[in-house]
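Here the structure is laid out as structure tokens; the discussion comes afterwards.
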Protein chains: 2
Amino acid sequence: MEKLHATLRHLISISDEELNDFLALCYEKTFAAKAFLSHQGEISQEIFFITSGLTRSTIIDHAGNEHTIHFSLEGQFIADYTSFLVSTPSTNSVQALEETSVMVMPRKAIEWGYAHLAQGDKLGRTIAEFYFLYFDNRLKNQYVFTPAQRYENIAQIFPNIHNRVPQHMIASYLGISPVHLSRLKKGSR
Amino acid sequence: MEKLHATLRHLISISDEELNDFLALCYEKTFAAKAFLSHQGEISQEIFFITSGLTRSTIIDHAGNEHTIHFSLEGQFIADYTSFLVSTPSTNSVQALEETSVMVMPRKAIEWGYAHLAQGDKLGRTIAEFYFLYFDNRLKNQYVFTPAQRYENIAQIFPNIHNRVPQHMIASYLGISPVHLSRLKKGSR
DNA sequence: ACCGGTCATTAACATTTGTTTAGATTTTAC
DNA sequence: GTAAAATCTAAACAAATGTTAATGACCGGT
């Protein structure tokens, strides 16, 4: 709870009263390892703020294979935000990779924030800009670096990920097969 | 000019006076085909709104090869927005592919908007959310569809692009060689 | 109308990446 | 503690994609 406090105060100026009113609309929840925070096909009605633990987001491709498209760490927001924004069935599932505690921010809380927080829209803008930077960087990496280079750099984006996530999920994130990633590592030694 | 008018009014509610004050800080500019709206290495100090024409954004990879990472059409905003936000040298160049007219929105105008427009932050949030949706969709396509499928779908994202952009730039956008794209097309016939 | 450059296609060949299978090790669940 | 599952590596082979080079069509500028 304090973690979300600190994160919000870091992003915008917000009074104690505003903060309390907002947090009164949220609640805490803990998921066991491998539990799902949200499922593909459901319309996303909440945004999670991770206070401890780690999640991955997955998607199913045209051939029925699952891909890990994203990792989310402590201090980050996670949802199928496209589903949340547009109210379409989510294409992603979000799964805890460790025991993971989150603050659940229901749609009501978000909407209340935009309507009643003095800097609610600024908060939304700042978070959206943050994800713009993340996506833009990720896209550039795709064009600029080889898979081997992207593997070498991944810990800069997801600190300590090698100790927390199986390698085949990292390979999936990079868009290559686990066998191939193993090969690339061998080559770079 | 009317086009930016209409786009802004579509995104937020804004009074005539606010709109005029904001637009007074902007100006129109026209680029010839092949001219550069902005160059890699410079810090982006303005956002362009395309009123007519078409641009591409390019980036240079680790081996010195140029890639087309993005197209922008009439009615869209374009910049190296990461450079604009963080004030780092831009990694992208933006080039007109046809004669292209834009409204130039300098940093001063954007900042004025956030400070003085009643819904300035909401505007920023909405635009950032729009790009979130674009990037998220693009990322999912990368995992879910084959290059051939992505080629087939590209006109849904960039209407009429096949008649306006050379095929090798589309191949570059898709992340494949022009020779390979030609092969894929042959196979699907 | 011409000329030079850009562009799309094709073929041959090289390289990268995926798939399958197997084996050894580690982790997880009960 | 033990059995089952998950994980990583390895090798052999298959498929996808890149590279180079050649050709002809098309386009833009003069």
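Proteins come first, then strands; the chains are lettered A, B, ... in the order of their sequence lines, and each starts at number 1.
In this entry the distance linking CZ of A/R183 with C1' of D/dT9 reads 11 Å, nearest Å. Atom pair A/E66:CD and D/dA6:P shows a separation of 12 Å (rounding to whole Å applied). Per the geometry, CG belonging to B/L184 stands 15 Å off P belonging to C/dA8, to the nearest Å. The nearest whole Å value for the distance from the NZ atom in B/K185 to the P atom in C/dA8 is 8 Å. Remark: P of D/dC27 and CZ of B/R164 are 17 Å apart, rounded to the nearest angstrom. Here C/dT16 presents its P atom at 19 Å from OH of A/Y151, a figure rounded to the nearest Å. The distance between atom CG of B/N163 and atom P of D/dC27, rounded to the nearest whole Å, is 12 Å. With rounding to whole Å, A/N65 atom CG is found 12 Å from C/dT19 atom C1'.
Side-chain nitrogen and oxygen atoms of A/K34 include none within less than 4.0 Å of the OP1 or OP2 phosphate oxygen of D/dA6. Side-chain N/O atoms of A/Q167 include none lying less than 4.0 angstrom from OP1 or OP2 on D/dA6. Within the 4.0 Å cut-off from OP1 or OP2 of C/dT6, not a single side-chain nitrogen or oxygen of B/H168 is found. Dashed line: the shortest gap from a side-chain N or O of A/K186 to OP1 or OP2 of D/dT9 is not under 4.0 Å.
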- Message: Could you walk me through whether B/E74 and B/R164 satisfy the salt bridge (Lys or Arg N to Asp or Glu O under 4.0 Å) test, starting with their C-alpha distance in whole Å, then the side-chain angles of each, then the deciding distance to 0.1 Å, before giving a yes or no?
- Response: CA-CA 13 Å; B/E74 300 92 347; B/R164 298 177 74 178; 2.9 Å; yes
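B/P147 comes within 4.0 angstrom of sugar-phosphate atoms only, judged by non-hydrogen atoms across all strands, and of no base.
With C/dA12, C/dT9, D/dA10 as the choices, the nucleotide that has an atom nearest any side-chain atom of A/V179 turns out to be D/dA10. Nearest to the side-chain atoms of B/H180 among the listed nucleotides D/dG18, D/dC8, C/dT19 stands D/dG18.
Judged by a 6.0 Å distance limit and a 45° cone about the ring axis, B/R150 is not positioned over the six-membered ring of B/Y173.
Residues B/Y81 and A/F132 bring their aromatic ring centres within 6.0 Å. When ring centroids are compared, B/H162 and B/Y151 come within the 6.0 Å threshold.
In this structure, the side chains of B/R138 and A/L139 come closer than 4.5 Å at one or more pairs of heavy atoms.
Where B/P166 and A/L181 each meet DNA chain C at their nearest nucleotide, the meeting point lying more 5' is that of B/P166.
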